[in-house]
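Here's the structure we're looking at; comments come further down.
Ligands are counted one by one from 1 in listed order, and the atoms in each one are counted from 1 as well. In this chain, residues are counted from 1 in sequence order.
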Amino acid sequence: MQASRYPMVSAETAIETILSMTPVLDPEEVSLQAAIGRVLAETVIAQDDMPPFAASAVDGYALRVDDGLAPRRVLTEIIAGATTETPVTSGTASRIMTGAPVPAGADAVIMVEQTNESDGFVQIDVVPRNGDNVYPRGLDITNGQTVLAEGTNLGAAELGLLATVGRTRVSVYRRPVVAILSTGDELIEPDEPLRAGSIRDSNRYALFGAIQEAGGVPLSIGKVHDDEAAQEALIRVGLNQADVVLTSGGVSVGSRDLIKPILARIGTIHFGRIAFKPGKPTTFATVDTKLVFGLPGFPVSSLVSFEVFVRPALQRMQGRHHVHRPVVQAIIEHSLTPSADRTEFQRARVRWSQGRLVAAATGAQRSSRLLSLVGANALLRIPPGSETITAGSFVEAHLVGELLDEG
Ligand code: AMP
Ligand code: MG
């Protein structure tokens with residue numbers, strides 16, 4: 001083994017370097033049905049008032065306040081979607097349904113539960129006040145109002161709002177296409193029989209899912225032997241078809257670790273070693289405007305490196321303003337031993353317990369043990385040091401999944 005010739009950078013510097021070279025992708029127009037989870041690339045301004053007319057908020061009677069408690073003669077019935085030419089005049093009222101336009105002359109609606117109608121007259125139980133149960137025109141949205149700003153994440157409410165203002169298509173940032181290539185002579189397909197020395201290629205599937213979870217479009221380039229020409233050819237296939245290329249394996253200092261030399265030859269390596277555990281040899285390069293991440297082969301290292309270094313870049317490319325996970329302080333349930341020289345991201349479960357956030361690591365943290373990521377909803381950021389972190393201390397937890405609630 002030879003020492004890496006790449007200087008060690010901190011995880012923070014690595015993330016800054018990546019984001020400084022990550023472009024926001026061009027906008028594209030999509031239908032509302034396809035817009036969930038996307039990021040708005042335009043500012044949306046209402047072109048009408050909402051409601052577009054003064055509308056009744058209840059089923060009841062539209063009437064004039066200045067008639068007080070006097071009985072009113074019922075003129076007509078106005079249902080939602082209909083209009084009437086008949087104005088409400090002194091001593092009259094019209095039956096009205098929720099959402100129907102309040103007729104001319106009426107200045108309040110009394111809900112049906114507070115009325116009695118017989119022989120064509122309605123008696124009301126409460127003294128009406130001006131504007132009772134009337135939604136004035138433009139109450140919710142006024143013509144010309146900015147309803148959604150550029151950079152808004154589109155969820156269900158935002159899609160409803162777009163439809164409310166009459167939009168069926170919307171401009172959103174394009175999703176990044178991310179190519180994945182597994183390297184290693186030992187790799188077999190998951191459904192092949194195990195042979196002596198072989199390992200199932202799990203990284204390609206895990207990364208495929210991680211890319212989708214991060215809003216990217218995964219493109220599998222397959223797996224390749226530890227052969228420099230073959231690896232370079234497939235990296236070039238990825239560069240031609242994708243915005244980002246991820247490789248797995250082959251970035252350490254072993255004799256068959258060929259990714260760094262290839263990337264140095266066809267592009268520019270910005271860092272090749274991070275003071276980070278698990279995933280020290282994670283490598284970042286650009287080839288023209290495309291990003292290439294050389295992720296380590298160990299399954300935990302590749303997925304945690306993806307989470308910490310690749311995911312923020314994919315978020316940025318989709319136009320998200322906030323690219324990082326929420327960070328909370330959690331109480332660690334057991335003692336932890338920090339790494340001597342690297343910032344470690346330990347996999348953990350964080351739960352809300354009796355008014356506090358409590359964290360517990362997910363068992364052995366070896367970088368080969370994918371089970372340490374199963375069920376994890378947080379990465380505990382443990383700075384390097386020599387002192388044991390005692391149970392009950394606060395640790396920084398990056399929430400990567402749903403918070404668990406145990407009462
Ligand atoms: P490498 O980074 O290429 O030295 O790989 C380190 C170790 O990670 C290998 O010895 C394998 O055990 C494992 N590994 C590499 N690639 C994969 C993969 N695609 N899926 C699962 N495990 C892998
Ligand atoms: Mg390898």
Quick one: ring-ring contact (aromatic ring centres under 6.0 Å, His included) pairs with a partner in residues 318-345, sequence neighbours left out?
Phe276-Phe345, Phe345-His398
Per-pair distances, ligand 1 N/O vs protein N/O, less than 3.5 Å:
residue	atom	partner	partner atom	Å
ligand 1	2 (O)	Gly297	N	3.0
ligand 1	3 (O)	Gly250	N	2.9
ligand 1	8 (O)	Gly297	O	3.3
ligand 1	8 (O)	Phe298	N	3.2
ligand 1	14 (N)	Gly297	O	3.2
ligand 1	19 (N)	Asp201	OD1	2.8
ligand 1	20 (N)	Ser202	N	3.0
ligand 1	20 (N)	Asn203	N	3.3

Listing request: all ring-ring contact (aromatic ring centres under 6.0 Å, His included) pairs with a residue in residues 21-41, at least two apart in sequence or in separate chains.
none
Name all pairs fulfilling the side chain to side chain donor-acceptor pair (under 3.5 Å) condition that reach into residues 205-219, sequence neighbours left out, sorted by first residue then second.
none
Walk me through whether Ser302 and Ser305 qualify under side-chain hydrogen bond (donor to acceptor under 3.5 Å, both in side chains).
CA-CA 5 Å; Ser302 72; Ser305 295; over 6 Å; no
Would you indicate whether Arg204, at its atom CZ, is surrounded by more than 12 heavy atoms from other residues, nucleotides or ligands within a distance under 6.0 Å?
yes
Flag side-chain contact, heavy atom, 4.5 Å: Val178 against Leu246
yes
